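What follows is a set of notes on a single structure, which appears directly below.
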Amino acid sequence: MRGLAATIIVAGVPGVGKTTVLQELEAAGQREKVPIRIVNFGDVMSHLFKNTGKDLHRDHIRRQRISQQTRIQQLAARKIAKMRGKTSLVVDTHMFVRTTDGIWPGTPRRVLDALHPSLIVLIEAGPDEVAKRRLLDGTRERENETVEDAKADLEWSRYMASAIAVLAGIPIQVVSNHEGHQHQAAKDLLRLIEKLD
Ligand code: AP5
C-alpha cells in the first residue's frame, strides 16, 4: 500500500457520540493543519440502498434482510477503499450492528480486506452517559435505551474489536468521550492519527 496514507477505523456504539467527536476532529484537523478525510460508512450504505430504489431512514438499514445488508456493506467498503489517498482516511463505523437476525460484524474480513486499516479506535463513554445520550436524541429510533443495554453494547464492541484486531493484525486504541469532553476526545484522536503518518 505504498504511497497511501493510513486508514483508521473509528467505531463506537450508537449514541456514544462518535459523529460528534468526528465533527470536532475535522475542525481540529483544519485548525492544526492536519489533513484528514472522514467518511461515514452508514452514509455510503444509505446512498447505495437508494440506488437500489430503497430510500431508508438510517435506523432502518439494520432491519433489512441480512443478505442484502451484506451485499451493500461489501459495496460500501469497496467504494470507501477508492477514497484512500495521500490524506489519512477516517472511517466512521461500527464494530457490530444489531440486526433482526442477531449481532452482526460491521467490519468482517471482506470489509477489512478492502479497507486495509492501520488502527481501530473505539470511542467510549460510561454506560450511564451512553444511555442518557440515546434517550435525549429524539432524531433517532433506538431500541436499546437502558443503562444495561448500553453496558452490553460497549462489551460487544470490545469483543468484536478484539476479533478484528487479530484478523487484521492491527492495534486498538480507546478514546473516552465523557460528558462535555468531546473537544478533548477529538484532540486525543488527532494525536493518534498524527502518530501513524
Ligand atoms: P451511524 O450513522 O454510524 O449510526 P449511529 O451510530 O446510530 O450514529 P449516531 O450518529 O446516532 O451515534 P453517534 O455515536 O455518532 O452519536 P452522536 O454523535 O450523534 O450508522 C447508521 C447505520 O448504518 C447503522 O445503524 C448501520 O445500520 C449502518 N452501518 C454503519 N456502519 C456499518 C457497517 N460497517 N456495516 C454494516 N452496517 C453499517 O451523539 C449522540 C448524542 O450525544 C448527541 O445528542 C450529542 O450531542 C451527544 N453527545 C455526544 N458527545 C457528547 C459529549 N461528550 N458530552 C455530551 N453530549 C454528547
Side-chain angles (χ1 to χ4, degrees), residues 7-27 38-50 54 56-81 90-115 117 120-145 149-150 153-154 156-157 160-161 163-164 168 175-189:
T7 298
I8 302 104
I9 290 181
V10 175
V13 301
V16 75
K18 99 193 128 53
T19 303
T20 303
V21 171
L22 290 178
Q23 282 164 357
E24 295 281 347
L25 175 74
E26 190 161 36
I38 301 171
V39 56
N40 180 290
F41 205 103
D43 284 347
V44 177
M45 284 188 68
S46 203
H47 184 75
L48 289 165
F49 266 113
K50 210 170 177 177
K54 286 192 169 185
L56 301 170
H57 181 282
R58 36 202 323 111
D59 288 315
H60 295 174
I61 297 176
R62 63 177 176 269
R63 298 179 195 157
Q64 302 305 299
R65 280 202 321 275
I66 199 83
S67 56
Q68 208 177 10
Q69 286 187 71
T70 301
R71 196 174 62 80
I72 297 289
Q73 182 191 53
Q74 196 160 356
L75 287 175
R78 286 197 204 129
K79 198 167 176 186
I80 291 169
V90 170
V91 184
D92 174 357
T93 189
H94 293 271
M95 285 293 107
F96 73 91
V97 179
R98 280 190 185 272
T99 70
T100 49
D101 292 281
I103 305 266
W104 177 61
T107 48
R109 175 167 260 159
R110 56 185 170 266
V111 172
L112 290 174
D113 286 347
L115 296 180
I120 297 168
V121 179
L122 294 182
I123 306 287
E124 293 191 345
D128 49 338
E129 292 172 310
V130 174
K132 187 175 149 206
R133 287 173 202 165
R134 287 178 178 179
L135 266 176
L136 292 177
D137 187 356
T139 65
R140 304 298 301 263
E141 292 179 26
R142 306 198 195 274
E143 293 91 5
N144 306 310
E145 291 193 337
D149 291 332
D153 282 359
L154 287 159
W156 271 111
S157 197
M160 287 290 186
I164 289 157
V175 166
S176 298
N177 178 34
H178 292 304
E179 204 58 21
H181 285 75
Q182 54 270 45
H183 298 285
Q184 187 56 47
K187 275 189 195 168
D188 293 346
L189 183 51

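Quantities reported herein were computed from a predicted structural model and do not represent experimental measurements. As the structure lists them, so they are numbered: ligands from 1, and atoms in each ligand from 1. The first residue of the sequence shown is numbered 1, and numbering continues consecutively from there.
- Side chain of Thr70 to backbone of Ile66: a donor-acceptor contact under 3.5 angstrom is found.
- Nearest approach of Pro14 to Val130, heavy atoms of both residues: O-CG1, 3.9 Å.
- Salt bridge absent: Asp149 and Arg134 never bring a charged side-chain N and a carboxylate O closer than 4.0 Å.
- Closest to atom 6 (O) of ligand 1 among all protein heavy atoms lies His94 CE1, 2.7 Å.
- Listed by number with element, the atoms of ligand 1 under 4.0 angstrom from any heavy atom of Gly42 are 23 (O), 30 (C).
- Put simply, part of Asn177 is less than 4.0 Å from ligand 1, judged by heavy atoms.
- Judged by the shortest distance from any of its heavy atoms, Leu136 lies outside the 4.0 Å radius around the atoms of ligand 1.
- Of the inter-residue distances, the one linking Asp153 atom CG with Arg98 atom CZ reads 4.5 Å to the nearest 0.5 angstrom.
- Shown in contact with Val13 at under 4.0 Å from a heavy atom are these atoms of ligand 1, numbered in order with element: 14 (O).
- In this structure, atom 2 (O) of ligand 1 lies nearest to the protein heavy atom Arg58 NH2, 2.6 Å.
- Listed by number with element, the atoms of ligand 1 under 4.0 angstrom from any heavy atom of His181 are 53 (N).
- Here the protein heavy atom with the shortest distance to atom 25 (O) of ligand 1 is Arg62 NH1, 3.6 Å.
- Remark: side-chain polar atoms of Arg133 are not paired, donor with acceptor, to backbone N or O of Gly15 under 3.5 angstrom.
- A donor-acceptor contact shorter than 3.5 Å is absent between the side chain of His183 and the backbone of His181.
- Residue-ligand proximity, Phe41 to ligand 1, at heavy-atom distances under 4.0 Å covers atoms 31 (N), 32 (C), 33 (C), 34 (N), 35 (N).
- Residue-to-ligand polar distances place Gln182 within reach of ligand 1: an N/O pair is separated by less than 3.5 Å.
- In this structure, His60 places its NE2 atom where more than 12 heavy-atom neighbours from other residues, nucleotides or ligands lie under 6.0 Å away.
- Counting only non-hydrogen atoms, the option in Gly17, Gly106, Ala11 that gets closest to atom 14 (O) of ligand 1 is Gly17.
- Although no hydrogens or angles enter the test, the distance criterion places no donor-acceptor pair under 3.5 Å between the side chain of Glu145 and the main chain of Leu135.
- Comparing Asn40, Val97, Val130 by heavy-atom distance to atom 26 (C) of ligand 1, the nearest is Val97.
- A distance-only check finds a donor-acceptor pair linking the side chain of Gln69 to the backbone of Gln64 [under 3.5 Å].
- For atom 37 (N) of ligand 1, the nearest protein heavy atom (residue, atom name, distance) is Met45 SD, 3.2 Å.
- Within the 4.0 Å heavy-atom cutoff, Gln69 does not count among the residues contacting ligand 1.
- Nearest heavy atoms, Ala161 versus Leu122: CB-CD1, 3.9 Å.
- Side-chain N or O atoms of Gln73 include one that pairs as donor or acceptor with a backbone N or O of Pro105 at under 3.5 Å.
- Other residues, nucleotides and ligands contribute only 12 or fewer heavy atoms inside 6.0 Å of the CH2 atom of Trp156.
- Counting only heavy atoms of the protein, atom 9 (P) of ligand 1 lies nearest to Arg140 NH1, 3.2 Å.
- For ligand 1, the atoms sitting less than 4.0 Å from at least one non-hydrogen atom of Gly180 are 52 (C), 53 (N), 54 (N), 55 (C), numbered in the order shown with element in parentheses.
- With hydrogens left out, the protein atom closest to atom 18 (O) of ligand 1 is Thr20 OG1, 2.6 Å, a heavy atom.
- The closest donor-acceptor contact from the side chain of Thr99 to the backbone of Asp101 lies under 3.5 Å.
- With a 4.0 Å cut-off on non-hydrogen atoms, Lys18 touches ligand 1 through its backbone as well as its side chain.
- Nearest to atom 41 (C) of ligand 1 among the protein's heavy atoms is Arg133 CB, 4.0 Å.
- Atoms of ligand 1 found under 4.0 Å from any heavy atom of Gly15, numbered from 1 in the order shown, are 12 (O), 13 (P), 14 (O), 16 (O), 40 (C).
- Of the options Thr93, Val16, Ile61, Val21, the smallest heavy-atom separation from atom 31 (N) of ligand 1 is shown by Thr93.
- Note on ligand 1: Asp59 sits outside its first shell, no heavy atom being nearer than 4.0 Å.
- Not one N or O on the side chain of Asp92 forms a donor-acceptor pair closer than 3.5 Å with the backbone of Lys18.
- Ranking the protein heavy atoms by distance from atom 55 (C) of ligand 1 puts Glu179 OE2, 3.3 Å first.
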